There are 2 protein chains.
Amino acid sequence: MKKEDILTRGICFDPEIERTVDEILASVRTNGDQALYEYNRRFDHADLSSLEVSQEEMQKAYKAVASKFLETLKLARKNIEDFHRRQVRSQFVITDQPGVVLGQKITPIERVGLYVPGGTAAYPSTVLMNAVPAKLAGVQEVVMVTPPNEDGSIKPEVLAAAQIAGISRVFKVGGAQAIAALCYGTKTIPRVDKITGPGNIYVATAKRRVYGMVDIDMIAGPSEILVIADETSKPAQVAADLLSQAEHDRMASAVLVTDSLKLAKEVQEELKKQLMTLPRSEIARTSMENNGKIILTDSIDEAVKISNQIAPEHLELSVQDPFRILGAVKNAGSIFLGTQVPEALGDYLAGPNHTLPTGGTARFSSPLSVDDFVKKSSFIYYTADALDKIGDHVIDFAKKEGLDGHARAISVRTKGELL
Amino acid sequence: MKKEDILTRGICFDPEIERTVDEILASVRTNGDQALYEYNRRFDHADLSSLEVSQEEMQKAYKAVASKFLETLKLARKNIEDFHRRQVRSQFVITDQPGVVLGQKITPIERVGLYVPGGTAAYPSTVLMNAVPAKLAGVQEVVMVTPPNEDGSIKPEVLAAAQIAGISRVFKVGGAQAIAALCYGTKTIPRVDKITGPGNIYVATAKRRVYGMVDIDMIAGPSEILVIADETSKPAQVAADLLSQAEHDRMASAVLVTDSLKLAKEVQEELKKQLMTLPRSEIARTSMENNGKIILTDSIDEAVKISNQIAPEHLELSVQDPFRILGAVKNAGSIFLGTQVPEALGDYLAGPNHTLPTGGTARFSSPLSVDDFVKKSSFIYYTADALDKIGDHVIDFAKKEGLDGHARAISVRTKGELL
């Protein structure tokens, strides 16, 4: 991939897919649950009698999961909670001017829908990473949608994670139709105020189409890693980290930027070696061939500059003194400090969110956080005396903008007349 | 308007306009400045020799503005700064676990583009409300685009506000072509990371189309006010407040919710009376006829519930004890407390932002704030010992998700081998 391609990468929307998605959105809006049952048959080959996962199914799934993994899920929840709790914000109030109270109020979003992909991509970590910050934000109701298997079941680990995360209801529906259901509401599935979670191109397109009627987290593109490594990095570790992104999907991108020619060559050798035994080697190889890159720089500082231009989702500072360059990093979703910190640690357990800006959007976007599940409202209180003091300025401003009605709303109070 | 229409209101996108906008976007992407000069001639009837406002033009405009209004602008800047400064957030770091450092880094967005509409809607307040929070966030470069008058000039008040707000460069271009220039960059206009500011349907559509390549503030719909008033409200004041929204445009909406039949009737009379002398009465009358409404409730608490469903951009609590019900307000962009606080105060001078969520998006969106001009990055540092402790959990998690490459990135460190 040319450097130019890295800088202009992003998600392309296919008009053909947009049309299909629009049809699905319209059909669910009109036909509700009936459309969902129909799409479940057509796309997921699942003939369901009920869209909602029952309490009995929930309990059965929880028991089916190994107790050791339940412990891992609970440890993950604890670490995610501990990190995200620090993001919870306070309301504020300003009382500096006599007779004036200004403030900012924080209110949780009322209802959130979490999309969890099906099949091999049904990740319990996704459930925790989305639901935990929503709950910490104070969201009353977090519901989940996920496509059913052909026999109508849902992966037990996903249902266990949903219970550990405190998700109230789970519905068996996926694709654009699930997004439609969350946006418009059906008899069974409640309309939500925000939809989060990853999905395939149909899900991503549907989220993009409904954005505005309902909020969305982001339009997630393929996963990315950029590793900045110096000669103190171990080639086998760097290669393993690059492949841990490359194995996600064929569109994933893994880039090494280093000031050491020796390391660059050794990593190349390691990549070949490790690919031979990696279970998902076919995917990882395609991804490395299409989007993999090793960039050689004169210095680590130059490497940071290149990384800022690329704005990667995951950035590893696999160098001797990573804290030295932390301040110079401007654009990156999540930053992994030191040779001993693989990106995979952040995917599950460390605590920070794994829902991160892709496709260069780290230039302006942030990891999913508690902030994404609240909204702010400002408030203004003035006494009549305080309004009197500032009134003429407001009237002047409004008249300059040609909005006499605005001026009158002031003058009717401060002067007792319509100007 | 039926209640149902209020609850499902929002912005409709016209496929015809989308096609036109897509053509404009493509043309600017390909032809750069040349396309901008051409569109300036075609749409704004302005034949320019330069796209950028010169230093000389800037100074001339500043001198052309009445010194009293410059003072008003500076007072507005001060109040907006004082309020938004409270929104500036700190980075945080967590060191609770031995050998573990987790944190959240805050970085300003590098370059922001501010769209300011032309003609009668060229509002200096828009300039301040967008630029001040961007500057407080630490944005290095805030540039502005605005369509030129036929003689190639820009409203002096707008240029004066730009200078007072610390905007570095102003370009004479409007419409979808201005959004394209900010998104892709041209020889003259720098590519930005985020575009904010209101605009007509072409601007809104263009912003929606480029969202993802570049960030946007929001898709702003018509302005809205909901006034909750009890019998202590003065009919002339309530009517003036309703009309101050209605005069914005024909699509604006102004709704009164009251538990007093007497007030409802008197406001209706006042509306008729005030419309007779309001300069923008034609616009305000159309807006009131299309989207105006008076809703009678049994109680003020019920009025708040209705307001939460509507999720208005501006909410006036024109009641005797507004602080009693502040906590019950869930969905509103900006809240005006008490009978003596008209919404117009918030448009200019009080301090809170006037860029607010419309079309019911206050369910999930917030006023424009300093937060909108920064992005967060998480960071993770683990010592080798700390990684050893948690390693097996991560390996287990990765294997459960079928991502052996992820497990290997851990095991190559904790066990010295690829699992």
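Computed from a predicted structure; not experimentally measured.
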- Task: Flag the pair Tyr211(B) / Tyr211(A) as yes when their ring centroid distance falls below 6.0 Å, and as no otherwise.
- Result: yes
- Task: Step by step, work out the side chain to side chain contact (heavy atoms under 4.5 Å, CB included) result for Asp404(B) and Arg280(A).
- Result: CA-CA 8 Å; Asp404(B) 294 82; Arg280(A) 292 167 69 95; 5.6 Å; no
Which heavy-atom pair separates [X] from [Y] by the least distance, and what is that distance?
{"X": "Leu326(B)", "Y": "Lys105(A)", "answer": "O-CE, 2.9 Å"}
{"X": "Val394(A)", "Y": "Ala344(B)", "answer": "CG1-O, 3.9 Å"}
{"X": "Val329(A)", "Y": "Thr107(B)", "answer": "O-OG1, 4.3 Å"}
{"X": "Leu102(A)", "Y": "Ala350(B)", "answer": "CD1-O, 3.5 Å"}
{"X": "Ala409(B)", "Y": "Ala240(A)", "answer": "CA-CB, 3.9 Å"}
{"X": "Thr361(A)", "Y": "Gly212(B)", "answer": "CG2-O, 3.3 Å"}

Top residue by heavy-atom pair count (under 4.5 Å) with chain A, among [options]?
{"options": "Ser281(B), Gly351(B), Gly103(B)", "value": "Gly103(B)"}
{"options": "Gly346(B), Ala386(B), Ala332(B), Gly338(B)", "value": "Ala332(B)"}
{"options": "Ala384(B), Gly333(B), Gly391(B)", "value": "Gly333(B)"}
{"options": "Val214(B), Val374(B), Val100(B)", "value": "Val214(B)"}
{"options": "Thr339(B), Val101(B), Asn353(B), Leu315(B)", "value": "Thr339(B)"}
{"options": "Ile390(B), Leu349(B), Asn331(B)", "value": "Leu349(B)"}

Specify which of [options] makes the most heavy-atom pairs with chain B at under 4.5 Å.
{"options": "Gln274(A), Glu71(A), Glu110(A), Met218(A)", "value": "Gln274(A)"}
{"options": "Lys234(A), Lys68(A), Lys400(A), Gln87(A)", "value": "Lys400(A)"}
{"options": "Leu243(A), Asp193(A), Leu75(A), Asp392(A)", "value": "Asp193(A)"}
{"options": "Gln245(A), Arg89(A), Arg111(A)", "value": "Arg89(A)"}
{"options": "Phe379(A), Phe373(A), Tyr348(A)", "value": "Tyr348(A)"}
{"options": "Ile410(A), Val112(A), Leu345(A), Ile94(A)", "value": "Leu345(A)"}

- Query: Given the rule in the salt bridge (charged side-chain N to carboxylate O under 4.0 Å, His left out) test, do Arg413(A) and Asp241(B) qualify, once you have shown the distances and angles that lead to the verdict?
  - Reply: CA-CA 11 Å; Arg413(A) 288 173 168 89; Asp241(B) 296 356; 2.7 Å; yes
Give, as side chain, backbone, both or neither, the part of [X] having an atom under 4.5 angstrom from any heavy atom of chain A.
{"X": "Lys376(B)", "result": "both"}
{"X": "Gln237(B)", "result": "both"}
{"X": "Ala76(B)", "result": "side chain"}
{"X": "Asp372(B)", "result": "neither"}
{"X": "Leu418(B)", "result": "side chain"}
{"X": "Pro124(B)", "result": "both"}
{"X": "Gln97(B)", "result": "side chain"}
{"X": "Arg85(B)", "result": "neither"}
{"X": "Ser334(B)", "result": "both"}
{"X": "Thr277(B)", "result": "both"}

Where does [X] contact chain B at under 4.5 Å (heavy atoms): side chain, backbone, both or neither?
{"X": "Asn79(A)", "answer": "side chain"}
{"X": "Val93(A)", "answer": "backbone"}
{"X": "Val65(A)", "answer": "neither"}
{"X": "Ser369(A)", "answer": "side chain"}
{"X": "Asp96(A)", "answer": "neither"}
{"X": "Leu387(A)", "answer": "side chain"}

- Item | Note: Asp215(A)-Arg363(B) ion pair, threshold 4.0 Å (strictly below) |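 No, Asp215(A) and Arg363(B) are not salt-bridged.
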- What is the ring orientation for Phe83(B) with Phe92(A), classed by angle as parallel under 30°, tilted 30 to 60°, or perpendicular over 60°? tilted
- Hey, what's the ring geometry for His406(A) with His248(B), parallel, tilted or perpendicular (30° and 60° as the breaks)? perpendicular
If you round to the nearest 0.5 Å, how far is [atom2] of [Y] from [atom1] of [X]?
{"X": "Ile109(A)", "Y": "Ser366(B)", "atom1": "CD1", "atom2": "OG", "result": "7.5 Å"}
{"X": "Lys399(A)", "Y": "Phe69(B)", "atom1": "NZ", "atom2": "CZ", "result": "13.0 Å"}
{"X": "Glu343(A)", "Y": "Ile380(B)", "atom1": "CD", "atom2": "CD1", "result": "8.5 Å"}
{"X": "Phe323(A)", "Y": "Tyr381(B)", "atom1": "CZ", "atom2": "OH", "result": "6.5 Å"}
{"X": "Thr414(B)", "Y": "Gln340(A)", "atom1": "OG1", "atom2": "CD", "result": "12.5 Å"}
{"X": "Glu157(A)", "Y": "Phe397(B)", "atom1": "CD", "atom2": "CZ", "result": "9.5 Å"}

Verify, without hydrogens or angle tests, whether [X] (side chain) and [Y] (backbone) share a donor-acceptor contact under 3.5 angstrom.
{"X": "Arg86(A)", "Y": "Gln104(B)", "value": "no"}
{"X": "Ser244(A)", "Y": "Gly405(B)", "value": "no"}
{"X": "Glu401(B)", "Y": "Ser125(A)", "value": "yes"}

- Task: Report the C-alpha distance between Tyr123(B) and Leu403(A) in whole Å, list the side-chain angles of each, state the deciding distance to 0.1 Å, and finish with yes or no for side chain to side chain contact (heavy atoms under 4.5 Å, CB included).
- Result: CA-CA 10 Å; Tyr123(B) 296 151; Leu403(A) 296 171; 3.8 Å; yes
